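Owing to the predicted nature of the structure, the values given are computational and were not obtained by experimental measurement.
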Amino acid sequence: MSAPGGGELSVETRHLDEVTLLYPRGFINAHTVRLFESELHQALLDQRFKIVVNCSGLHYIASAGLGAIMGAIEEIRGNGGDLRLSELNETVLNIFHILGFHHLYRIYPSELEAVASFRVAEGTAR
C-alpha cells in the first residue's frame with residue numbers, strides 16, 4: 001500500500017505462519033505515519049500479535065513513527081505477542097539507540113532471525 005499522492009512511504013504486509021511481516025519503504029514521518037499505523041492496526045484487528053517490521057527499505061523514522069509503534073505495543077504484548085525489528089540501517093538504528101528504544105524492542109540483524117526468535121520463545125514457554 002502506498003501513501004496517498006504517491007507519497008514518501010509504501011508498506012507491504014506478508015504473513016509467514018503466525019508471524020506478520022511489515023515492510024515499510026521510504027520515510028515514516030508526520031505526513032506518512034497514517035499508512036504505517038493502518039497496516040499495524042490491521043494486523044491487530046486480524047488478531048495477529050507476532051509482528052516483525054523489516055526495516056531494510058526504511059530510510060528514516062520520525063517521532064510520529066516511533067509513536068505508532070509505542071501506541072500498538074501494549075495491545076500486542078497484552079495478547080501474548082511482540083513487535084520485533086530487523087535490518088535497520090545505521091540512521092534508523094542510531095535513532096532507536098539515542099531514544100533508548102533498543103531497550104524496549106528486540107532488534108535483529110535479519111528478518112530470518114527475528115521470525116525464528118518467536119519460535120524459540122514459544123519453545124521455552126512450553
Side-chain angles (χ1 to χ4, degrees):
M1 200 177 252
S2 293
E8 308 158 340
L9 179 71
S10 65
V11 181
E12 181 182 349
T13 301
R14 297 183 193 161
H15 303 292
L16 180 62
D17 300 323
E18 72 281 353
V19 178
T20 295
L21 304 164
L22 297 179
Y23 299 89
R25 298 195 196 312
F27 301 84
I28 301 177
N29 57 37
H31 302 290
T32 61
V33 70
R34 296 229 187 280
L35 174 61
F36 180 68
E37 281 179 322
S38 71
E39 293 295 311
L40 197 50
H41 184 66
Q42 188 58 53
L44 303 183
L45 287 175
D46 293 342
Q47 301 291 299
R48 300 186 64 90
F49 301 108
K50 296 176 183 176
I51 299 170
V52 172
V53 180
N54 180 320
C55 299
S56 61
L58 185 63
H59 302 300
Y60 182 78
I61 186 166
S63 59
L66 300 171
I69 293 171
M70 289 298 292
I73 197 64
E74 187 175 331
E75 182 176 351
I76 292 168
R77 290 181 177 160
N79 282 283
D82 200 11
L83 185 146
R84 299 183 181 170
L85 303 148
S86 71
E87 301 184 39
L88 280 70
N89 68 36
E90 188 176 349
T91 301
V92 175
L93 185 60
N94 284 340
I95 292 167
F96 275 82
H97 278 278
I98 289 167
L99 296 175
F101 272 51
H102 62 290
H103 295 297
L104 302 173
Y105 301 96
R106 293 184 186 177
I107 299 172
Y108 294 87
S110 73
E111 176 183 299
L112 185 63
E113 290 171 88
V115 171
S117 72
F118 282 112
R119 294 191 184 110
V120 170
E122 287 174 357
T124 58
R126 291 180 188 170

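The environment of Arg25 atom CZ is dense: over 12 non-hydrogen atoms of other residues, nucleotides or ligands sit within 6.0 angstrom.
In this structure, Glu39 and Tyr23 have side chains that are not in contact, with every pair of non-hydrogen atoms separated by 4.5 Å or more. You'll find the side chain of Val115 stays beyond 4.5 Å of the side chain of Tyr108, heavy atoms only.
Results of the side-chain contact (heavy atoms from CB on, under 4.5 Å) test with Ile51 over Leu44, Val19, Leu21 single out Leu44 as the only residue that passes.
Considering all non-hydrogen atoms of both residues, Ile76 and Phe49 come closest at CG2-O, 3.2 Å. Across Glu18 and Lys50, no two heavy atoms sit closer than the pair CG-CD, 3.6 Å. The shortest heavy-atom contact between Ala64 and Val33 is O-CG2, 3.3 Å. Minimum interatomic distance between Leu40 and Ala68 (heavy atoms only, all atoms of both residues): CD2-O, 3.7 Å.
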Practice prompt. Report the C-alpha separation of Ile28 and Leu9 in whole Å, then their side-chain angles, then the decisive distance to 0.1 Å, and conclude whether the side chain to side chain contact (heavy atoms under 4.5 Å, CB included) test is met.
Written response: CA-CA 7 Å; Ile28 301 177; Leu9 179 71; 3.9 Å; yes

Discussion item. One pair to check against salt bridge (Lys or Arg N to Asp or Glu O under 4.0 Å): Asp82 and Arg77. What are the steps and the verdict?
Written reply: CA-CA 5 Å; Asp82 200 11; Arg77 290 181 177 160; 2.8 Å; yes

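Between Phe27 and His59, a ring centre-to-centre spacing shorter than 6.0 Å is recorded.
A cation-pi arrangement, defined by a distance under 6.0 Å to the six-membered ring centre and an angle within 45 degrees of its axis, is present between Arg84 and Phe118.
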